[in-house]
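Letters A, B, ... are given to chains in the order of the sequence lines, protein chains preceding strands, and every chain is numbered from 1. The analysis underlying the following values was restricted to heavy atoms, covering all of them including side chains, and did not include hydrogens, waters or symmetry mates.
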Protein chains: 2
Amino acid sequence: MASIKDVAAEAGVSVATVSRVLNGHPSVSAQARTRVLAAVAALGYRPNAVARSLRTDQTRTLGLVISDVLNPYFTELARSVEEEARALGYSVIIGNADERPELQDHHVTTLLDRRIDGLLVSPTDGGSPRMIEAARGGTPMVFVDRWIPGVDVPVVRSDGREAVRDLVAHLHGLGHRRLAIIAGPAATTTGRERVDAFRAALGEFGLPLPDPYIGQGDFQADSGRRVTEGFLDLPEPPEVVFAADNLMALGALDAVRARGLRVPEDIALAAFDDIPWFVHTDPPVTAIAQPTGELGRAAVRALIDRIEGRRPESVALPARLVVRRSCGAPGPASSASPASSVRRSTS
Amino acid sequence: MASIKDVAAEAGVSVATVSRVLNGHPSVSAQARTRVLAAVAALGYRPNAVARSLRTDQTRTLGLVISDVLNPYFTELARSVEEEARALGYSVIIGNADERPELQDHHVTTLLDRRIDGLLVSPTDGGSPRMIEAARGGTPMVFVDRWIPGVDVPVVRSDGREAVRDLVAHLHGLGHRRLAIIAGPAATTTGRERVDAFRAALGEFGLPLPDPYIGQGDFQADSGRRVTEGFLDLPEPPEVVFAADNLMALGALDAVRARGLRVPEDIALAAFDDIPWFVHTDPPVTAIAQPTGELGRAAVRALIDRIEGRRPESVALPARLVVRRSCGAPGPASSASPASSVRRSTS
DNA sequence: ATCCCTCGTGTAATCGATTCCACGAGGAGG
DNA sequence: CCTCCTCGTGGAATCGATTACACGAGGGAT
């Protein structure tokens, strides 16, 4: 592959001049510029990004470590992150942690080894030593969705408190009194916060949240299945199950169906995170929608602010309730366009 | 950040010795090794992958350019690719083309600029100049899922011909005679092949595939919606719609529902690509399942073979039909576990 | 005792860019 | 006419690693 030296030789100038032309440096004669450009075209030359990075000490690359790519929420997040980054002249390398702390650490390490300019993380756990060290180590960093308390890193997330309150009001209005939740891992902020918000909202309506109604999940479908089975085996099963993410809702749906029960007649279901498929499940699932795309874009902007030496503030964008039929509400009349109440993937 | 020089100074040896220790070179005394290792630990030193790549001319990184991350099929593919690559000591950088040729070219270019060791591509189009040039340019390359005819690059894909035949047999057995297809872009191999396979299978059963029953989609949900509306507006609408990917099936579902019609009573639906959500849609969707994980792993192995100078063969793995209720079949008894007939995401 | 190998180590070249500094040519000003 | 600037240019250092080569010490064979 042609290098800058080949171009210099072909154009009959020094490598310094070639570099200047390529980087738009002003003091290059028109004649030299023309010849360099011609040589570049003739050789099909493209600068070696590796060499350039070594010299300039910047890669124009962002790392994104997410908890689980198979989760449509994170897929969409990743997509919007890449989009915004590209618009601002950066590339993105994605590391998928699969909700496994050691895999997360592996990715953080490889990303740092590659000298990415900044790191966007949605931590899988409460803060591994590796992660803390990275945060303190001076790499520009921003947390997105989930965060680790006690580290001085800006957070871009969505605030679901209000929407959860709306959900509980909706459920209460429908006459439901025994509400259960499939929680995310206690090690994650989103795992804890959603339970807290749920409990607080229940409190407002004078409803309890007994321990047996708090099932411990791990944000994966299987755990939703398992926890839901546990709920159904209770002497007094809940009337509603609220899954703290969309995958566990899928698992819950599996479990309910496997028992030959129906949603919402036998048990109601709601989920945190809205996805296009929820419109078409049987029944359509009531969910709390996060402004995912906005979150991703804001996170990138915050990270680039950090990289460029500014000190961005944390951001919390409100989530909102999208009512469908899985809790027993009539929902939007099914003869009208039911699709109007849901976000579609921005294709 | 500490460099190899700092380590050398700390350990009281030369950088050459440090390098040798780090790379497991045999001729280093035990004493020197110990001191280097101690210095590495003391400084928290990690080799700079950028510098290393420049010198060794290899990045131990693979590029993966896929057509659309938001498509669960490709998400799963990307996931299995990364997994296998990691197991073999490589990292993966994903480029999402969003079904846009110019975006695909952008990613190919950036990836090549970064001097990735090999490129895995699922081309969005029939072969842009950029792509052809990359293939000829000596970069080890493998096509996955889709490919470009006429370039000498191994292909790892799934063969759906047999499964499509099974589907048509299934539909024919159910009494359906007017079958339509929402095709993918003619510029893609999968776009064409699925139509061809469908037409051939129909032929075996003496069924026609009239032009109005071939709708032109682009693998995105919106096009599925649009095409389905067209079908429904036909003087004689089809009895079955076969969507060439899962997103267009989602769009079809949207369109049918927006008309207040029901699947399968008013119109049947089947899709190419199976995804976990198809179990829980209303109704569960009959689909052709590709061995996605296997595809991703095989593609990585083929690419690494190429990188290491071997000449891997193309691979075609069979897809298979998964019958559910969207075509009117009774399907597996709904009181039994309906989940047993479908793949789940391997969490 | 001499010679030769092997082993451990260091010096320095190298990868492909960027960029500081020096230098010569040419124009402007005194 | 001389001096001083500016402008365009090239030489060479540099980033952080790897690795060819040279070299000295030590051990075994003769």
In whole angstroms, the gap separating P of C:dG16 from CD of A:Glu10 amounts to 17 Å

note: A:Leu22, atom CG; C:dA17, atom P; distance rounded to Å ~ 9 Å

Exercise. Using only heavy-atom distances, decide whether a donor-acceptor pair under 3.5 angstrom links the side-chain of A:Arg20 to the base of D:dG10.
Key: yes

In whole angstroms, the gap separating P of C:dT14 from CG of A:Leu54 amounts to 17 Å

Whole-Å distance, B:Asp113 CG to C:dA17 C1', equals 13 Å

Side-chain contact check for B:Ile4: nearest option of D:dA17, C:dT9, D:dG11 is D:dA17

Among the nucleotides C:dT9, D:dT9, D:dG11, whichever has the atom closest to the side chain of A:Ala16 is D:dG11

Side-chain contact check for A:Ala51: nearest option of C:dA12, C:dT18, C:dG16 is C:dG16

Determine: side-chain N/O of A:Thr17 to OP1/OP2 of D:dG10, distance under 4.0 Å, yes or no.
yes

Under 4.0 angstrom between A:Ser29 side-chain N/O and D:dT9 OP1 or OP2:
yes

A:Arg46 atom CZ is separated from C:dG16 atom P, nearest whole Å, by 16 Å

Next on the checklist: Salt bridge or not between A:Arg306 and A:Glu313? Use side-chain N to carboxylate O under 4.0 Å.
Outcome noted: no

**Asked** Contact class for B:Val50 (heavy atom, under 4.0 Å): base, sugar-phosphate, or nothing?
**Response** nothing

By nearest-nucleotide position on DNA chain C, the 5'-leaning member of A:Lys5 and A:Arg52 is A:Lys5

For A:Ser3, answer base if it contacts any base atom (sugar-phosphate contacts may also be present), sugar-phosphate if it contacts only those atoms, and nothing otherwise; contact means non-hydrogen atoms under 4.0 Å. sugar-phosphate

Regarding the side chain of A:Asn48, the nearest nucleotide among C:dG8, C:dG16, D:dA17 is C:dG16

* Is any NZ, NE, NH1 or NH2 atom of the basic residue among A:Arg79 and A:Glu76 found under 4.0 Å from an Asp or Glu carboxylate oxygen of the other? -> no

Give one of base, sugar-phosphate or nothing for A:Asn23, where a contact means two heavy atoms less than 4.0 Å apart. sugar-phosphate

Atom NE2 of B:His25 and atom P of C:dT9 are separated, to the nearest Å, by 12 Å

Among C:dC20, D:dG16, C:dG10, the one nearest any side-chain atom of B:Arg55 is D:dG16

If you count every heavy atom of other residues, nucleotides or ligands that lies below 6.0 Å from B:Arg311 atom CZ, does the total exceed 12? no

Check your understanding: Is B:Asp125 salt-bridged to B:Arg100, going by a charged N under 4.0 Å from an acidic O?
Key -> no

Discussion item. For a quick check of understanding: with a heavy-atom distance under 4.0 Å over all strands, which category does B:Ser19 fall into, base, sugar-phosphate or nothing?
Written reply: base

Separation of C:dT18 atom P from A:Arg60 atom CZ, nearest Å, is 13 Å

Practice problem: Select base, sugar-phosphate, or nothing to describe what B:Val18 touches, counting heavy atoms under 4.0 Å on all strands. | Solution: nothing

Hey, is A:Arg157 close enough to A:Asp145 for a salt bridge, meaning N to O under 4.0 Å?
no

In whole angstroms, the gap separating C1' of D:dT14 from CG of A:Asp57 amounts to 12 Å

May I ask you to say what A:Ala32 touches in the nucleic acid, namely base, sugar-phosphate or nothing, with a heavy-atom cut-off under 4.0 Å?
-> sugar-phosphate

Evaluate whether atom CG of A:Asn23 has more than 12 neighbouring non-hydrogen atoms of other residues, nucleotides or ligands under 6.0 angstrom away. yes

